[in-house]
Amino acid sequence: MTFVESLAEKAALDLSRSKSVVALTGAGISVESGIPPFRGKGGVWEKIDPAYAHIDTFHNDPEKVWEVLLKGLKDLVDRARPNPAHEGLARLETLGVLQTVITQNVDGLHQMAGSTDVIEFHGSFAWHKCMDCGSRCPNSELDLNRLPPRCRCGGIFRPELVFFGEMIPSHHLMRSEQIASECDIMLVVGTSAIVQPAALMPVIAKNAGATVIEINKEPTPLTGTISSYSIMGKAGEVISDIVAELELIMKPQ
Ligand code: NAD
Ligand code: ZN
């Protein structure tokens, strides 16, 4: 019989016995990298009307959406670096424990930390696309001296992320649903679990028999319902603890 002293140790034990692990991450995992979440204390919606994230608003007034929302997001994404939570998930991949990260984030920090199989469920801020000719521009080369940023052809650039009111790219949705239904553990990290259809992934995993381990600073609609257990705390600290416990378990005796 194994005595488990902490939830981090329990999670490490569960991970060590699993065959197929996926992580679903949300804005909370990047908070310790300096990017605020949308909801909750210190969230973007405390200062900015969520209507600015709707595709209709962007089409009606792209200059305003770039000015109010996207310019600030670009500044944050340009400066952000992975934190111990992103690094911990990348380490789990190196250890052969975690296969895929499904992220709702658009900041590219999982890839920067070394995760190699990342499904960007809501697209990415790494590239921008001209709405007239379809040319693409990397985020690092986007000129924001005049808003909205424009392509050589005169068309307006939009980030390759999914605005409210837009569809999730079907290949991302289908692959995520497939992986969720086949995993035996889903780590759900730093998501308020209210943005659909991303919030369905833990439900799919649970219904297919997986253990759902939630890591969040606060309870969510998954807590005590879909989550098998929840570890309350900052993602960077909790994931570092889990990785440390797992490395002890996996260390050759
Ligand atoms: P959310 O903003 O709705 O919720 C954030 C969640 O993270 C909350 O449950 C909060 O309790 C938790 N949290 C905050 N700090 C934490 C920490 N240090 N450790 C662990 N948990 C923490 O985020 P969401 O569920 O991802 O949905 C918002 C949408 O906004 C997503 O679709 C995403 O695309 C987008 N978004 C992305 C970024 C980014 O790319 N970094 C930032 C903001 C919003
Ligand atoms: Zn163009």
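Atoms considered below: every heavy atom in the structure, side chains included; atoms not considered: hydrogens, waters and symmetry mates. First listed ligand is number 1; within each ligand, the first listed atom is number 1. Owing to the predicted nature of the structure, the values given are computational and were not obtained by experimental measurement.
Side-chain contact check for Asn83 and Ser33: at least one donor-acceptor pair (N or O, by modelled atom type) lies under 3.5 Å. Side chains of Asn105 and His122: no donor on one and acceptor on the other come within 3.5 Å. Inspection of the His86 and Ser30 side chains reveals an N or O donor paired with an N or O acceptor under 3.5 Å. In summary, the side chains of Gln111 and Glu120 do present a donor paired with an acceptor at a separation below 3.5 Å, with no hydrogens or angles considered. Under the 3.5 Å distance criterion, with hydrogens and angles disregarded, no donor-acceptor pair is assigned to the side chains of Ser20 and Glu182.
Checked by distance only, ligand 1 and Val31 stay at 3.5 Å or farther apart across all their nitrogen or oxygen atoms. Residue Ile35 has no N or O atom closer than 3.5 Å to an N or O atom of ligand 1.
Taking the Zn ion (ligand 2) as the apex, the angle formed with SG of Cys151 and SG of Cys153 is 110°, to the nearest 10 degrees. To the nearest 10 degrees, the angle centred on the Zn ion (ligand 2) between SG in Cys130 and SG in Cys133 reads 110°.
Near Lys234, with a cut-off below 4.0 Å to any heavy atom, the atoms of ligand 1 are 19 (N). Every atom of ligand 1 with a heavy atom of Gly190 under 4.0 Å away is listed here by number and element: 5 (C), 6 (C), 7 (O), 21 (N). Ligand-side atoms of ligand 1 in range of Gly233: 19 (N), 20 (C), range being under 4.0 angstrom from any heavy atom. Atoms of ligand 1 found under 4.0 Å from any heavy atom of Ser30, numbered from 1 in the order shown, are 41 (N). Within ligand 1, counting atoms from 1 as listed, the ones closer than 4.0 Å to a heavy atom of Val195 are 27 (O). Listed by number with element, the atoms of ligand 1 under 4.0 Å from a non-hydrogen atom of Gly26 are 26 (O). Set against the non-hydrogen atoms of Asp107, the atoms of ligand 1 under 4.0 Å away are 39 (C), 40 (O), 41 (N).
Protein heavy atom closest to atom 26 (O) of ligand 1, with residue, atom name and distance, is Ala27 N, 2.8 Å. Of the protein's non-hydrogen atoms, the one nearest atom 37 (C) of ligand 1 is Asn105 OD1, 3.7 Å. When only non-hydrogen protein atoms are considered, atom 34 (O) of ligand 1 lies nearest to Gln104 O, 2.3 Å. Given atom 28 (C) of ligand 1, the protein heavy atom at minimum distance is Arg39 NH1, 3.4 Å. In terms of protein heavy-atom proximity, atom 32 (O) of ligand 1 is closest to His122 ND1, 2.5 Å. Atom 43 (C) of ligand 1 has Pro36 O, 3.4 Å as its closest protein atom, hydrogens excluded (heavy atom only). Protein heavy atom in closest approach to atom 29 (C) of ligand 1: Phe38 CD1, 3.5 Å. The shortest contact between atom 25 (O) of ligand 1 and any protein heavy atom is with Thr191 OG1, 2.7 Å.
The closest non-hydrogen atom to atom 4 (O) of ligand 1, taken over Ser192, Ala80, Ser124, Gly40, comes from Ser192. When the options Pro221, Gly42, Ala235 are ranked by their closest heavy atom to atom 19 (N) of ligand 1, first place goes to Ala235. Between atom 12 (C) of ligand 1 and the options Val238, Thr103, Asn216, the minimum heavy-atom separation is to Asn216.
Look at Arg175 and Asp117 and you find a salt bridge, because one of the NZ, NE, NH1 or NH2 atoms lies within 4.0 Å of a carboxylate O, short of that distance. We find that Arg39 and Glu218 are not joined by a salt bridge, their nearest charged nitrogen and carboxylate oxygen being 4.0 Å or further apart. Salt bridge annotation for Glu245-Lys10: absent, with no cationic side-chain nitrogen under 4.0 angstrom from a carboxylate oxygen.
The shortest heavy-atom distance from Ala199 to ligand 1 is not under 4.0 Å.
Within a 6.0 Å radius of CE in Met250, other residues, nucleotides and ligands contribute more than 12 heavy atoms. Within a 6.0 Å radius of NZ in Lys74, other residues, nucleotides and ligands contribute more than 12 heavy atoms.
Residues Thr25 and Leu89 have side chains in contact (heavy-atom distance under 4.5 Å, counting atoms from C-beta outward). Between Leu246 and Val97 the shortest side-chain heavy-atom distance falls below 4.5 Å.
Figure legend: Lys129 and Phe157 shown without cation-pi pairing, the cationic atom not lying both under 6.0 angstrom from the six-membered ring centre and within 45 degrees of its axis.
Ring orientation note: the planes of His128 and Trp66 are tilted relative to one another, at an angle of 30° to 60°.
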